[in-house]
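Structure record follows, encoded as structure tokens.
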Amino acid sequence: MSTQVNPDTYYGPSFGALVESDPQIAELLVSELDRQRSGLQLIASENQTSPSVLAALGSTLSNKYAEGYPDKRYYGGCAEVDKVEKLAIERAKTLFGAEHANVQPHSGASANQAVYGAFAKPGDTIMGMSLDHGGHLTHGFKVSFSGKWFNAVHYGVSQETEHIDYDQVRALALEHRPKLIIAGGSAIPRAIDFAAFRAIADEVGAIFWVDAAHFIGLVAGKVLESPVDLADVVSFTTHKVLRGPRGGAIVCKAEHAAKIDRAVFPMMQGGPLMHAVAAKAVNFAECATPGYQAYARSVIENSQALAAGLAERGLRPITGGTDTHLSLHDLRGVGVTGADAELRCDAAGIVLNKNTIPFDPEKPNVASGVRVGTPSLTTQGMGVDQMDQVADLIHRAVTQTDGSADNATAQAIRGEVTDLLGAYPAYPTI
Ligand SMILES: *Cc1c(COP(=O)(O)O)cnc(C)c1O
């Protein structure tokens with residue numbers, strides 16, 4: 001592999017061509033980059049992927065039909081994309097110590113659909129965490145296909161500790177005998193006890209599935225326990241802490257490999273997005289470096305510092321803190337709803353989302369909490385020293401502004417956000 005690639009021959013001209021042919025869209029690409037650069041990005045499920053990942057995403061691999069799997073395609077001309085997908089698979093297996101990997105799911109939800117397709121039939125009972133305690137739509141929520149096609153049973157957290165109630169998980173599993181038991185979600189600040197889930201799944205003969213969409217990057221960075229050895233199957237997204245392209249993937253035990261592959265294609269999907277598969281390969285290699293491991297460690301340190309800074313200011317962290325890249329804060333102590341907090345922060349240049357808290361008295365579109373995550377700020381190079389300032393900015397935006405952009409305090413906060421981002425810019429090399 002000693003090919004000399006001239007960078008100007010491939011990607012160099014592409015943006016210039018777009019500026020010429022479609023200035024309207026070119027302008028919007030630039031204004032969205034400006035938006036990403038000009039606010040404090042605290043959405044826990046977002047990150048800023050590398051220019052190398054972006055290059056693979058913007059490649060002519062998008063043109064190629066490659067239905068099937070390497071060396072078993074339905075189309076000719078797949079020699080080069082076969083090499084790409086084999087690299088992506090090998091890199092995923094090595095990164096996660098997995099027996100099998102499927103890198104074709106278009107997204108986290110598509111990956112999850114395939115897991116259902118592999119192990120369950122419509123009408124079967126499945127069990128996951130309830131959405132309002134931190135689960136995900138695709139874990140049997142009633143408006144999702146998973147809630148419409150399966151008989152979904154939900155566990156939650158203990159009201160006292162706000163940690164997953166493993167006694168409840170076991171009791172519900174024994175009562176309902178689900179085919180699949182799902183661990184994971186989108187607003188769980190704490191490490192999950194995978195061994196406890198494994199034991200419960202074994203007791204009732206269920207498949208143990210971990211949806212690691214949120215935290216898989218912390219597993220890749222070796223700073224959070226891996227579910228890969230304990231679970232039958234692990235699905236995940238590649239665009240959250242992991243910092244790859246928007247997409248999904250599945251790793252599983254060898255005994256489930258054929259089932260998972262058939263469920264991704266042809267059961268759920270058609271042709272894979274080979275440009276995205278290439279970008280996943282680039283990302284998996286990036287994640288295997290000491291630099292990424294240091295990044296993952298810093299994401300958690302920052303998250304813990306931010307949660308503590310918000311706690312000091314009266315924004316109570318659910319469970320008292322965090323083991324991960326995200327924390328969830330109860331705003332009832334400062335008398336502001338999640339929806340108002342989101343609006344006020346937005347007007348002050350701070351991007352975060354309202355979130356229900358366990359046993360929330362408010363409806364989901366109002367909510368009593370906010371969710372904050374540190375993947376993006378950490379990619380921009382911020383460390384624990386900056387997290388106290390970020391906590392202060394959030395606290396002031398939530399408690400001292402009114403949601404309008406011309407509010408004087410909101411303007412002052414926006415000025416401080418701009419100064420902070422000047423020292424820690426997003427995409428400094430573009
Ligand atoms: C984000 C997420 C998904 C869905 O991923 P998409 O790429 O948005 O489809 C699924 N499960 C969990 C737990 C998630 O956090």
Side-chain angles (χ1 to χ4, degrees), residues 41-47 49 53 57 102-118 126-141 143-147 150 152 154-157 164 180-192 194 197 208-220 224 227-228 231 233-252 260 263-264 268-269 272-273 276-277 279-280 283 299 303 322-328 352-356 364 371-376:
Q41 307 298 336
L42 287 156
I43 306 262
S45 51
E46 292 182 357
N47 208 335
T49 200
V53 167
L57 278 177
N102 187 307
V103 295
Q104 292 191 6
H106 300 331
S107 68
S110 304
N112 288 356
Q113 230 173 31
V115 176
Y116 285 111
I126 59 112
M127 188 168 93
M129 192 165 186
S130 74
L131 185 62
D132 53 351
H133 284 210
H136 191 263
L137 288 166
T138 56
H139 300 175
F141 192 62
V143 298
S144 147
F145 76 94
S146 59
F150 304 106
H154 287 119
Y155 60 86
V157 300
I164 292 172
L180 280 164
I181 296 180
I182 314 163
S186 52
I188 304 172
R190 294 297 184 170
I192 296 168
F194 301 123
F197 272 105
F208 174 35
W209 164 18
V210 175
D211 180 351
H214 252 273
F215 61 83
I216 194 72
L218 304 175
V219 174
L224 199 66
V228 172
V233 56
V234 177
S235 62
F236 57 92
T237 58
T238 47
H239 51 273
K240 298 180 183 173
V241 188
L242 197 68
R243 206 163 59 180
R246 186 160 294 278
I250 300 171
V251 295
C252 66
I260 286 290
V264 173
M268 297 296 176
Q269 293 189 171
L273 314 177
V277 170
K280 288 171 195 175
N283 169 244
V299 165
S303 177
T322 176
D323 303 323
T324 68
H325 61 296
L326 72 85
S327 58
L328 198 59
L352 48 68
N353 62 280
K354 63 175 175 289
N355 214 103
T356 54
R371 187 186 69 164
V372 290
T374 51
S376 293

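Every number for a ligand or one of its atoms is a count from 1 in the order of the listing. Every heavy atom of this structure was used, including side-chain atoms; hydrogens, water molecules and symmetry mates were not. Because the structure is predicted, anything quoted here is derived from the model rather than measured.
Applying the ring pair (Phe, Tyr, Trp, His ring centres under 6.0 Å) test to Phe197 and every residue at least two apart in sequence or in another chain returns Tyr155, Tyr166, Phe208. By the side chain to side chain contact (heavy atoms under 4.5 Å, CB included) test, Thr356 is found to be paired with Asp132, Asp360, Pro364, Ala367, residues two or more places apart in sequence or in another chain being considered. With sequence neighbours excluded, the residues satisfying side chain to side chain contact (heavy atoms under 4.5 Å, CB included) with Ala220 are Leu95, Phe96, Leu242, Cys287, Tyr292.
The line from NE2 of His154 to CE of Met127 is 10.0 Å long, rounded to the nearest 0.5 Å.
Side-chain contact of His325 with His214: a donor-acceptor pair under 3.5 Å is present, judged by distance alone. Inspection of the His139 and Asp211 side chains reveals an N or O donor paired with an N or O acceptor under 3.5 Å.
Listed by chain and number, Ser107, Gly108, Ala109, Asn112, His136, Gly185, Ser186, Asp211, Ala213, His214, Thr237, His239, Lys240 each place a non-hydrogen atom less than 4.0 angstrom from ligand 1.
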